[in-house]
Amino acid sequence: MIYEYTVTMTVLSIRFKRPGAYERLKRGAARRAESISSVGERLIDEGLRMEAHPGIVFRDGPSGRRAGLAAGPDVWEVAGLLRGLRGSVEERVAAAAAQLGLTSMQIRAASRYYAEFTDEIDAQIARNDEIADRELATWENERRLLSG
């Protein structure tokens, strides 16, 4: 089977005027064993997303780099909870805020980010659901094997 795809690449030349900015970028790329270009692209993209969605930050973790609330859970966690609740938007936001111990503003920040990057967040929810299902099956099998 042959798959065809097109990759569009844009080249950007940047002049660093802030002292030490380029050196910090190089060190960050070396720490991650990534190219300077890929780290720069990621940081620019994340910076633009954070600017458009105040209260959202990016962090590393076992499932990779992901968006989260600055003082709270990952966006995928909030989105998954909101999807499972019933009622009006306001009722769901209030219920999620109460369950997570967050403000309605924080829930709305995660919800707005989810609205813009739905496919990305849905993929994270699906990936985490798969991991949870696998872990539960392993735990149940262990209990079954050891309960005899």
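Taken to the nearest 0.5 Å, the CD1 atom of I121 stands 5.5 Å off from the OH atom of Y113. R83 contributes atom CZ, which lies 5.0 Å from atom CG of D122 (distance to the nearest 0.5 angstrom). Separation of atoms CE (M50) and CG (L43) is listed at 8.5 Å; rounding is to 0.5 Å. The structure places CD of Q124 at 10.0 Å from CD of E77, a figure rounded to the nearest 0.5 Å. Note that CE of M105 is 11.0 Å distant from CG of L69, once rounded to the nearest 0.5 Å. The structure places OG of S37 at 9.5 Å from CG of L12, a figure rounded to the nearest 0.5 Å.
Residue pairs meeting the salt bridge (charged side-chain N to carboxylate O under 4.0 Å, His left out) criterion with at least one member in residues 50-71, sequence neighbours excluded, are R32-D60, E46-R65, R59-D74, D60-R65, R66-D74. A salt bridge (charged side-chain N to carboxylate O under 4.0 Å, His left out) check over residues 134-148, counting only residues at least two apart or in different chains, returns nothing.
A perpendicular orientation is assigned to the rings of H53 and F117, their planes being inclined by more than 60° (bins at 30° and 60°).
Residue N141 qualifies as enclosed at atom CG: its count of foreign heavy atoms under 6.0 Å is above 12. Enclosure of atom CD in E41 is not indicated, since only 12 or fewer non-hydrogen atoms of other residues, nucleotides or ligands lie within 6.0 angstrom.
Between S104 and A97, the shortest heavy-atom contact is N-CB, 4.0 Å. Between V75 and A110, the closest heavy-atom pair is CG1-O, 3.6 Å.
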